[in-house]
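My structure is below; once you've seen it, I'll send some questions.
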Amino acid sequence: MFQALVILLIFLIIMMIVCVRIANKRFIRNRENVVHLIWTAVFAAGCYTAFILVPSGYNTLATFASGLYFLSTDWLVVYLMLFAAGYTHVSPPSRLPRLIIGFLAGIDSISFVVNTFTHHMYSLESRTADNLKMEYWHVQLNAPHTIHRIFVYGIVLYSLCIFTYRLIKAPVIYKRKYGSILLQVVAVVGLNIICSIINTKYDYSVVLYASLAISICYLALYASPKKLLERIHSTIVEDSVIGLFAYDNDGRCVGVNSVAKDLFSGEEDIYDIAQKFLTDWKEEQKENSANVIGAERTIIKNDEKIYIYVNYQKFVDKKGRDLGSCFQFENRTEVVKRYKEEQYRATHDMLTGLLNREAFEEEATRILSRAQEPYCIVCSNIQDFKLVNELYGTDVGDKLLIAQADIIRRKNDDNSVSARVYADKFCVLMPRRYFIEERFLDSVSSIIESGLTRAFKLHFQFGVYEITDNTESIWSMYDKAILAIDAIHGNYDQFVCYYKDELLQHIMKEKEVLGEFDKALEEKQFSMFLQPQIANDGTIVGAEALVRWIHPEKGMISPGLFIPTLEKAGLIQKLDLYMWDNAARQLEEWKRQGKEHFSISVNISTKDFFYLDVCEAFKDLLNKYDFDIKKLKLEITESALMKNVKETMKAIDGLHALGYDIEIDDFGSGYSSLGMLKDINADILKIDMIFLQETKNVERSSTILKNIISMSRELGMPVITEGVETKEQVDFLKNVGCDMFQGFYFAKPMSLENFEKEYC
Ligand code: C2E
Ligand code: CA
Ligand code: CA
C-alpha cells in the first residue's frame with residue numbers, strides 16, 4: 001500500500017510537470033492561474049511524498065516536510081479560488097480581501113514552519129501498523145490546526161459556490177464546463193474530510209489534489225474549450241440561417257442541418273436529396289466545363305418559388321488532400337422579392353399595371369430587333385377624357401383606364417407589348433396581322449356599354465402606325481400613331497386612323513399656317529367673300545360671309561385648309577373677330593350709302609365660346625358701327641350647341657337680348673338634331689348640305705328634309721337649305737316649303753367687289 005502510494009505520487013508529480021510544460025505553451029486565458037495551481041500541487045505532493053518517506057527517528061525533518069505540505073494546501077486553495085474566478089469569469093475578490101486572504105495564508109504558512117520546533121499546530125509520532133508491520137507517521141492535531149482547516153475549507157467553499165452559481169446560471173452547453181470541475185473539487189474535499197474523520201494512516205486526498213490539478217489542466221486548457229468550441233460550432237451550423245449539406249472526402253453526405261432540411265424537405269429522404277444534389281452539381285460542372293462555386297437556384301415549395309444562392313466549398317488539408325466539401329444555401333427569397341417589387345415599380349404604371357414609358361421602349365426595341373414579320377404600333381385615346389374626370393370624378397376616370405388596360409393586356413403575348421404612356425394614351429406594339437379593326441372596336445365597346453360614364457358617350461380612337469423600319473426610334477413611331485389619332489379629332493364617326501406620310505405633311509402645313517397667321521391677319525390677307533342667299537321667290541335676301549386667305553405667294557386658300565388648324569390652336573377667335581368686324585363695317589357702309597342692301601350671316605366657331613365672351617364682342621360691334629342689328633345674322637353650328645350646352649345657351653340668350661337673330665348652322669349633320677330644337681331658342685334653321693348630296697337612299701333623305709322643314713315651320717322658324725346645286729333640288733325644296741336657298745346653283749362665294757357689282 002505504502003509503495004503503491006509513493007509510486008502513484010511520483011507518477012502524478014511527473015505528470016503535473018508535463019502538464020505545466022504543455023500549459024505554458026498554450027495561449028489561453030486563465031493559464032497563469034492554472035500553472036500556479038499545478039506548481040503548488042507539485043510542491044504539495046512532493047512535500048507529502050518526502051514526508052511519508054522520512055524514516056522514524058527523524059521527527060524534526062518529518063515535521064518540517066509535513067509542515068511544508070500543510071502550508072502548501074493554503075496556497076493550493078488560494079490558487080484554486082483564483083482559478084475558479086478566472087475560469088467562470090466571476091470577478092475575483094477585490095484587492096483588500098485578496099490582501100487579507102494572502103496575509104492569512106502567509107501567517108498560516110509561517111505558523112507551519114515554526115511548528116517544526118514548537119509543535120503548536122500538530123505533532124508527529126512514529127507508529128507501527130499492526131497488519132503491515134510497517135512504521136508510519138501519525139499526525140496528532142492540536143487546536144490551532146483547526147484555524148488552518150477553517151481557512152482552507154472556507155476558501156474551498158467560496159470556490160465551490162462560484163462553480164455552483166455558474167453551473168446554475170449557465171446555458172446547457174456550458175454546464176459541462178463548470179460541472180466537471182465542481183464534481184472533482186467536491187470529491188477531493190470529501191475524501192479529505194473522510195480521511196481526517198476516520199484518521200487514516202495516510203492522507204489519500206493528496207492523490208486527488210494531484211489528479212485534480214492534472215484534470216483541471218486538461219479541462220481548462222484543452223478539453224473544455226475544444227468541446228465548447230465544437231458545441232458552439234455545431235450550434236452555429238444548426239441554428240444558422242444558412243442551409244448546409246456536408247460531404248466526406250468520398251462525396252458521401254454526412255450531415256444536413258435543419259435549414260437545409262427545411263428548404264429541401266419532400267417525399268424523398270433528405271440524405272438522398274443531398275446526395276443527388278452533389279451528383280447533379282458535378283454533372284453540370286462537367287457539362288459546362290466550369291468550376292463554379294456559387295449559383296442561383298429556385299426551388300418550388302408549397303407552390304411557392306424559393307430563391308436560393310448555392311455556394312459550394314471544398315476542404316483540403318495542409319498537404320492539399322481532399323477532406324470533404326459542403327453546400328451552403330442562402331435563402332434569398334425576401335431579397336429577390338423586394339428587388340422584384342422595386343423593379344416592378346420602376347417599370348410599371350401603378351394604376352393599370354401595364355408597362356411604363358421607359359420599360360415599353362426597352363421591351364419594344366427588343367421585340368423589334370428579332371421581329372420576323374411586319375409590326376405595327378397602335379395608340380389609343382379617349383376623346384375628351386379630361387371631361388370624364390371633370391364630370392364624374394377621377395375615380396371613374398381611373399376605372400375607365402383600368403378597364404382599358406385590362407382589355408389591352410389580354411392582347412399581349414410574347415410577340416407584343418403594351419404600355420400606358422401618358423394619361424389616357426395607351427400604346428401596343430404587335431405583329432401587323434394581330435391588328436383587326438373590328439376586334440379592337442368590339443373589345444372597347446364593352447367599356448362603352450358598361451355605363452361608367454352614363455350620359456357621356458365615350459369615343460375611343462386608335463392611331464395605327466405600320467412599321468417599315470424596325471430601327472426607327474420607338475417614340476418616333478409612337479408620335480406617328482398619335483398623329484393618326486389627331487387626324488380623327490372631332491370626327492365622331494371615325495375610330496381608327498392609319499398613319500400616312502400625308503399626315504405628316506398635313507402637320508407641316510398646319511405649322512406653316514400657324515407660323516404665318518399673325519402676320520397675315522396684320523397685313524389683312526384675309527378677305528370676306530360673300531355667298532348669296534336667295535328667297536323662294538328668287539330675290540336675294542342676304543349673304544353668308546366666308547373667309548378666304550389671299551396669300552401673296554400661294555394665292556387664294558380655302559377656309560377648310562386653315563380653319564380647323566386655327567381652331568385646334570385656339571386662334572380662330574382672332575380671325576372671327578376680324579370677320580365679324582368686316583361684316584358689321586360693311587353693313588354700316590351699305591347703310592351709309594343708302595343703297596338697298598342685304599343681311600350678312602357670319603360664322604361663330606365652337607371654340608369662340610371657349611376663348612371669347614361672344615356676347616360682349618357683338619355688343620362692342622353695336623357700339624362701334626351703325627348698322628341694323630337684324631341684318632347681322634349669327635351662324636352657330638349644331639355641334640357647338642351640343643358640346644357646351646349650358647354656356648352656349650347662355651351666350652345665345654345674351655345675343656338674343658341684344659337683338660341678334662341666331663341661325664343653327666349645319667343642322668342635321670350631328671347627332672341629336674331634332675331633340676334639341678325644343679330647347680334652343682334659335683331664329684333660323686340652316687339645313688346641312690348632306691341631305692342634298694348624293695346618297696344611296698334619295699327617298700329617305702327627301703322624307704327627312706320634308707319633315708324637318710314642316711316641323712320648323714310649325715315651330716315658326718324660317719328654313720334655309722345650303723349646298724343647293726341643281727334646279728331639281730330647288731324645285732323640290734320649294735315644293736316642301738323651304739324659305740331660302742344658298743348654293744352653287746345660284747352663286748359661289750365671291751369677293752365683296754363682285755358681289756356689289758352683281759347685286760347692289
Ligand atoms: P359652312 O359655314 O357650312 O359654309 C358653307 C360652305 O359650303 C362654304 O365653304 C361654301 O363655299 C360651301 N358651299 C356653298 N354652296 C355650296 C354648294 O352648292 N355645294 C358645295 N359643295 N359647297 C357649297 P367654305 O367657304 O369652304 O367654308 C367652309 C367652312 O369653313 C364653313 O362651312 C365654315 O364652317 C367655315 N368658315 C368659313 N368662313 C368662316 C369664318 O369666317 N369663320 C369661321 N369660324 N368659320 C368659317
Ligand atoms: Ca356657315
Ligand atoms: Ca353650313
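Heads up: numbering here begins at 1 and tracks the sequence. Order of listing sets the numbers, starting from 1, for every ligand and every atom in it. Heavy-atom basis, side chains included; hydrogens, waters and symmetry copies ignored.
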Residue of the set Phe562, Phe526, Trp549, Tyr578 for which ring pair (Phe, Tyr, Trp, His ring centres under 6.0 Å) holds with Phe517: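 Passing option: Phe526.
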Lys554 bridged to Glu516 by N-O distance under 4.0 Å: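 Salt bridge between Lys554 and Glu516, a charged N being under 4.0 Å from a carboxylate O: yes.
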Residue and atom names of protein N/O/S atoms that fall under 3.0 Å from the Ca ion (ligand 2):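 Only Glu544 OE2, Asn603 OD1, Glu635 OE1, Asp665 OD2 fall inside 3.0 Å of the Ca ion (ligand 2).
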Member of Lys686, Lys633, Gln533 meeting the side chain to side chain donor-acceptor pair (under 3.5 Å) criterion with Glu544: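 That would be Lys686.
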Set of residues that line ligand 1, where lining means a heavy atom lies under 4.0 Å from it: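 Ligand 1 is contacted, at a heavy-atom distance under 4.0 Å, by Gln531, Glu544, Leu546, Val547, Arg548, Pro559, Ile563, Asp576, Met579, Asn603, Ser605, Asp665, Asp666, Met689, Glu722, Gly723, Val724, Glu725, Gly743, Phe744, Pro749.
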Electrostatic pair Arg410-Asp406, nearest N-O below 4.0 angstrom: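 Salt bridge between Arg410 and Asp406, a charged N being under 4.0 Å from a carboxylate O: no.
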Electrostatic pair Lys624:Asp581 at N-O distance under 4.0 angstrom: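 Yes, this pair counts.
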Pair Arg592 + Asp626: basic N to acidic O under 4.0 Å: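 Salt bridge absent between Arg592 and Asp626.
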Glu472/Lys480 ion pair, N-O < 4.0 Å: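 Judged by the 4.0 Å cut-off on N to carboxylate O distance, Glu472 and Lys480 do form a salt bridge.
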Geometric class of the Phe495/His459 ring pair [parallel <30°, tilted 30-60°, perpendicular >60°]: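 Tilted.
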Aromatic ring pairing Phe460/Phe462, orientation class (parallel under 30°, perpendicular over 60°, tilted between):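 Because their plane-to-plane angle is under 30°, the rings of Phe460 and Phe462 count as parallel.
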